[in-house]
Chemist: 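Let me begin by handing over the structure; questions about it come next.
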Amino acid sequence: EHAIYFRNVGKIYQTGTKALEQFTLPVGKGEFVSFLGPSGCGKSTALKMAAGLAEQTEGDIMVFGQTPQAILKASNDIGFVFQEANLLPWRRVLENVMLPLELRGGSKKEIKKEAIRVLEMVGLKDYLTAYPRQLSGGMRMRVSIARALAAKPKLLLMDEPFAALDELTRQTLQRELLEIWQREHMTVLFVTHNVYEAVFLSSEIAVMSSRPGRLSSVIDIDLPYP
Ligand code: ADP
Ligand code: ADP
């Protein structure tokens, strides 16, 4: 059974830009798949379609056996970290991170503790009570990362989440992400154009070619740890 299945997916935007062509990729449950390729090859487009935030013009996409649109409406099992940090503007930073955990239920005290832990990890412990609009774009991105890591969703979609971070924070978050992935058996789709990051993090790398937005090959990574 697959977590995600892209089958002969094509995407042509209304502007006429062809972003993807005959894109086929099965993603097994628990895999960490990085999309690697040059800017403009369709990585973000593939991720947005998996999230139900854009629709393909050809082929089909299944997420846990359903359409992405159905999943998007029905559950909070999908976490995403996209370029637009999509935080709730009327909620404070801490509340934004706590929200997906609260929806799932459990001890409020534990939820708060975990939210504060991940916010410390992304360097925002002094901004717990700030509102998103009071933060820079990069800080909002870090809140979005903190929220995803705290929520530990079944499926995590991340679009270059660490690109704008300083080296130390990047390494900390990469390790944390790996640890959570292994512990929680999450499925992760991860967009990057950093080869080293892809090799370090992934169980599979989907290499894409720029024109016309096709999959070139899928590389299995032998993990150096059990
Ligand atoms: P990547 O993430 O690999 O950089 P994208 O998926 O963002 O690639 O973009 C693939 C192609 O589709 C590019 O040519 C880009 O300019 C185009 N594109 C992306 N989003 C849109 C959009 N909303 N409308 C029109 N064209 C778009
Ligand atoms: P990425 O960082 O993934 O390469 P971009 O910087 O290319 O993304 O695009 C940023 C935003 O602009 C995205 O939401 C994308 O969908 C949109 N976009 C990209 N290219 C175009 C385009 N040619 N026309 C309209 N919107 C676009």
Side-chain angles (χ1 to χ4, degrees), residues 2-27 31-63 67-69 71-73 78-87 136-138 140-145 147-149 153 155-165 170 173-174 177 181 186-221:
H2 295 100
I4 306 182
Y5 211 123
F6 295 90
R7 207 180 260 108
N8 287 315
V9 171
K11 173 67 175 178
I12 301 177
Y13 282 104
Q14 276 165 6
T15 52
T17 304
K18 189 182 274 185
L20 283 177
E21 191 172 77
Q22 292 180 22
F23 182 84
T24 294
L25 179 70
V27 176
E31 298 288 345
F32 193 126
V33 181
S34 283
F35 287 18
L36 186 65
S39 194
C41 72
K43 304 182 295 295
S44 300
T45 298
L47 222 64
K48 274 184 200 156
M49 292 192 301
L53 302 175
E55 209 166 348
Q56 69 273 22
T57 41
E58 265 186 71
D60 52 53
I61 303 172
M62 299 302 264
V63 180
T67 65
Q69 287 77 15
I71 291 270
L72 185 64
K73 274 195 209 127
I78 302 186
F80 32 93
V81 179
F82 285 172
Q83 297 305 319
E84 319 79 32
N86 57 31
L87 304 172
S136 70
R140 285 199 286 269
M141 190 71 181
R142 282 186 274 154
V143 178
S144 177
I145 293 167
R147 182 177 56 183
L149 293 180
L155 173 63
L156 180 55
L157 308 170
M158 302 182 105
D159 190 351
E160 300 204 45
F162 306 144
L165 300 175
R170 190 203 329 272
L173 294 183
Q174 284 174 336
L177 176 58
W181 169 59
M186 289 192 295
T187 307
V188 184
L189 288 194
F190 190 91
V191 167
T192 181
H193 50 237
N194 183 331
V195 177
Y196 301 101
E197 185 169 68
V199 171
F200 178 62
L201 291 175
S202 321
S203 61
E204 283 178 18
I205 300 178
V207 182
M208 303 189 45
S209 66
S210 60
R211 256 172 270 167
R214 279 176 184 254
L215 188 64
S216 301
S217 57
V218 178
I219 302 169
D220 272 312
I221 308 288

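All ligand and atom numbering here is 1-based and tracks the order in the structure. Just so you know, these numbers come straight off a predicted model, no measurement behind them.
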Chemist: Under 4.0 Å from a heavy atom of T15: which atoms of ligand 1 are those, numbered in the order shown and with their elements?
Modeler: 25 (C), 26 (N)
Chemist: Show the nearest heavy-atom pair for residues K43 and L36, with the distance to one decimal.
Modeler: CD-C, 4.1 Å
Chemist: Which ligand 1 atoms does A19 reach within 4.0 Å, using its non-hydrogen atoms?
Modeler: 10 (C), 11 (C), 12 (O)
Chemist: What heavy-atom pair brings V199 and I221 nearest, and what distance separates the two atoms?
Modeler: O-CG2, 4.1 Å
Chemist: Tell me which donor-acceptor pairs under 3.5 Å the side chains of residues 49-61 have, and how far apart each pair is, sequence neighbours excluded?
Modeler:
{"unit_1": "Q56", "atom_1": "NE2", "unit_2": "G59", "atom_2": "O", "d": "3.3"}
{"unit_1": "T57", "atom_1": "OG1", "unit_2": "G10", "atom_2": "O", "d": "3.2"}
{"unit_1": "T57", "atom_1": "OG1", "unit_2": "I12", "atom_2": "N", "d": "2.9"}

Chemist: Mind checking whether L149 and L177 have side chains closer than 4.5 Å, heavy atoms only?
Modeler: yes
Chemist: Closer than 4.0 Å to some heavy atom of T17 - which atoms of ligand 1 meet that?
Modeler: 12 (O), 14 (O), 17 (C)
Chemist: Taking only non-hydrogen atoms of G37, do any sit less than 4.0 angstrom from ligand 1?
Modeler: no
Chemist: What atoms in ligand 1 come closer than 4.0 Å to a heavy atom of S39?
Modeler: 4 (O)
Chemist: N/O to N/O below 3.5 Å, does that happen between G40 and ligand 1?
Modeler: yes
Chemist: Give the atom numbers and elements of ligand 1 that come within less than 4.0 Å of a heavy atom of S44.
Modeler: 1 (P), 2 (O), 6 (O), 7 (O)
Chemist: Please report whether ligand 1 has a polar contact with K18, defined as an N or O pair separated by less than 3.5 Å (distance criterion only).
Modeler: no
Chemist: With a sphere of 6.0 Å drawn around NE2 of H193, does it hold more than 12 non-hydrogen atoms of other residues, nucleotides or ligands?
Modeler: no
Chemist: Under the rule for side-chain hydrogen bond (donor to acceptor under 3.5 Å, both in side chains), what residues qualify as partners of R7, not counting sequence neighbours?
Modeler: none
